[in-house]
Student: 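I have a structure I would like to understand better, so I am pasting it below and will then ask my questions one at a time.
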Amino acid sequence: MKRTFPLVLGMLAGLYALAEFYLPVYWVRDTTTELQNWVSILGAAAFVLGAINLVHVTWPKIRRREQDWPYKIVLLFCAVLMFGVGIKWHRLFGHEVPARVAVSDGVDGMAEVVVEAPDDVMVKIGTYDPVPARTAAGPAKATVDAGKVSVALYRRVAGYQEISLDVDAAVGKVTTVSGDPEMLWGRKGRTYVWLYDHVFAPCNATMFALLAFFIASAAFRAFRARNVEAALLLGAAIIIMAWRAPVGRIIYSQLPDIGQWILDVPNNGSRRAIMMGAALGAISTSLRVILGLERSHLGSD
Amino acid sequence: MATGTQSRDDNGALHWTDRLQRFDRRWIFLAMGLAIVLPLLFPIGLPIKVGSMAQATYNTVEEVKAGDVVFVSLDLDPASTPELEPFYKAVILQLKRKGARLVFATTWYQAPPLVERWIRDAVERPLAPAGTEGYSGAPDRAYKKNVDYVLLGFREGKQATIANMGADLRKTFDYEANDGTPLDQIPMMNGIKQLKDFKLLVLVSAGFPGAKEYVQFVQNRYKLRMVAACTAVSTTDLTPYYQAGQLLGLIGGLAAAAEYESLVGKHGSASAGADVLNITHGVVILAIVFGNLIYFIGRRRARTRARR
């Protein structure tokens with residue numbers, strides 16, 4: 001039962017996915033969409049399993065002080081940190097303070113809206129362009145037409161609440177809006193965005209950028225025309241690299257044509273062969289799974 | 001390393017070809033570092049000639065009319081930003097000045113904060129307001145969320161998510177935008193139920209899942225009009241689809257992004273990066289040529305000595 005049930009389930013799902021292309025019936029499409037939604041849900045659940053697996057694999061290595069264990073502490077700490085800042089703490093413990101509105105007497109014949117907010121807050125009053133909440137001239141204010149006026153307060157950086165409200169502006173009155181957009185937590189929160197922008201993104205980009213240096217080093221040390229095939233490969237690589245740099249066509253005006261030909265003919269021909277080979281392999285493996293001949297995905301038990 | 005050809009002279013010292021093959025690789029790193037930094041500090045500004053794939057991409061986007069809804073899939077991570085952001089900004093400027101409405105989504109879990117920043121920088125703010133220096137095209141304007149553009153956000157599921165979007169876009173995103181606004185309440189989403197309802201799909205793709213999966217899972221099935229931008233290393237993966245007409249345009253890497261910037265008429269970081277490409281590609285080509293020269297001289301010398 002432990003092996004047969006998953007095998008039958010896989011077989012049915014595989015047969016359905018195959019048959020779906022040949023059944024132009026409405027409910028079939030809906031069922032397929034539903035099944036594909038399950039795939040998305042399973043994919044999301046895999047993240048949870050991944051987190052559990054990370055602790056399961058890493059913690060014993062730290063406890064046994066295995067090689068590079070301090071790095072594992074960093075890894076776990078970062079995972080816990082990102083999990084922690086990903087929670088919407090402001091919803092659990094926060095107290096959202098709405099903007100306060102006060103009306104006072106103003107200049108006769110004018111309706112004014114004044115916004116009181118910290119310096120780093122941007123203010124948008126009605127159809128006016130956004131301005132800083134406080135400048136040397138004082139708090140942001142605007143003369144508006146009497147009636148409903150939209151007021152929006154937000155910070156320049158991401159991760160803060162956006163306050164938007166409609167106020168009633170009246171002739172001869174000053175409507176003062178006071179507010180301070182609260183810092184958010186969770187995936188859209190300030191800490192998460194800051195960690196993403198200032199830790200993850202630079203580290204990610206650095207890893208990718210290092211490739212340029214390793215390629216240059218490998219180009220000198222390892223790219224050798226040891227035989228005809230390798231020489232052809234190197235020749236094509238040099239032409240393509242020269243073509244993809246604007247200076248290439250200045251050196252030799254026919255280089256773009258030669259480069260495009262290499263891309264269009266030998267490259268595409270071989271790519272198609274690889275893709276067709278891979279597709280045939282995928283079809284045969286899928287058929288083996290559907291027919292129950294391939295069982296390695298069920299595990300070794 | 002050509003260890004088999006190493007030889008020593010009568011004093012027991014390594015031959016110069018062997019010494020050169022063993023020299024400290026940090027010199028190469030230094031040369032590469034200078035090749036990247038110097039052109040950024042002292043731009044050369046060589047002319048950029050537009051290739052056929054960039055031109056085809058531009059022409060396809062030009063066919064979009066005011067009010068058309070265009071789907072933009074940003075499947076990438078911060079590592080690919082230098083290669084893909086220039087095209088993204090150029091194509092967004094082109095779409096905004098044509099008055100297209102935009103729908104954004106991503107299938108990469110690393111992407112959402114980056115996508116949100118890119119939307120704040122390029123969509124919610126004008127990229128080329130009137131009077132922009134060095135820009136002679138029509139100015140664009142700031143787009144409003146859920147009026148001029150919609151961010152659907154991220155869904156896990158990779159190819160399954162792409163297939164789902166092809167069948168039922170609204171259901172894939174639980175019938176709401178990323179900020180929780182029901183899609184039914186967003187007027188620009190009227191009539192948009194699945195991918196084929198978009199006038200054009202613009203795929204900015206750094207790998208898997210990305211443009212290739214869009215072609216394989218939804219393009220042919222729903223007859224979608226798509227253009228794609230990818231990193232230079234993925235270009236050869238996608239050119240068969242461009243050649244077959246499944247992708248109507250393809251922008252491969254920074255060089256093609258620079259071509260696209262010149263077509264749109266606003267030079268950005270790709271045009272500045274073209275100088276870097278000139279020098280760094282030159283360094284790599286010289287490294288290959290120089291390395292092979294040393295290798296062949298060393299091999300010839302070793303054979304001559306062996307014959308003696």
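Throughout, a chain's letter reflects where its sequence line sits, starting with A, and its residues are numbered from 1.
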Student: With respect to chain A, which residue among B:L277, B:I36, B:T172, B:N164 yields the maximal number of heavy-atom pairs within a distance under 4.5 Å?
Tutor: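 Most pairs with chain A among the choices: B:N164.
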Student: I'd like to verify something: which residue of B:A35, B:G51, B:A79 has the highest number of heavy-atom pairs under 4.5 Å with chain A?
Tutor: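 The residue among B:A35, B:G51, B:A79 with the greatest pair count is B:A79.
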Student: So which part of B:P82 gets closer than 4.5 Å to some heavy atom of chain A, the side chain, the backbone, both or neither?
Tutor: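 For B:P82, no heavy atom lies under 4.5 Å from chain A.
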Student: With a 4.5 angstrom heavy-atom cut-off, which part of B:T239 approaches chain A: side chain, backbone, both or neither?
Tutor: both
Student: Let me know if B:D174 has heavy atoms under 4.5 Å from chain A in its side chain, its backbone, both or neither.
Tutor: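 Neither; nothing under 4.5 Å.
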Student: I'd like to know if B:R221 and A:E20 make a salt bridge, using a cut-off of under 4.0 Å between side-chain N and carboxylate O.
Tutor: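 Here B:R221 pairs with A:E20 in a salt bridge, since their nearest N and O are under 4.0 Å apart.
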Student: Determine the option with the most heavy-atom pairs under 4.5 angstrom with chain A, choosing from B:L46, B:V284, B:L114, B:N292.
Tutor: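 Option with the greatest count: B:N292.
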Student: If I measure from the heavy atoms of chain A, does B:V289 come under 4.5 Å with its side chain, its backbone, both, or neither?
Tutor: side chain
Student: In Å, rounded to the nearest 0.5 Å, how long is the span from CD of A:E34 to CG of A:D30?
Tutor: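 One gets 8.5 Å once the value is rounded to the nearest 0.5 Å.
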Student: Is a salt bridge present between A:R187 and B:E116, judged by a nitrogen-to-oxygen distance below 4.0 Å?
Tutor: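 A salt bridge links A:R187 with B:E116.
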Student: Any idea which of B:P240, B:G157, B:A160, B:A274 has the most non-hydrogen atom pairs under 4.5 angstrom with chain A?
Tutor: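 Heavy-atom pair counts peak at B:P240.
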Student: Out of B:Q110, B:E259, B:R155, return the one with the most heavy atom pairs under 4.5 angstrom to chain A.
Tutor: B:Q110
Student: Is any side-chain N of the basic residue among B:D168 and B:K193 closer than 4.0 Å to the acidic one's carboxylate O?
Tutor: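 Here B:D168 does not pair with B:K193 in a salt bridge, since their nearest N and O are not under 4.0 Å apart.
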Student: Do B:Q243 and A:R272 meet the criterion of a side-chain donor-acceptor pair at a distance under 3.5 Å?
Tutor: yes
Student: In terms of heavy-atom proximity below 4.5 Å to chain A, should B:D275 be classed as side chain, backbone, both, or neither?
Tutor: neither
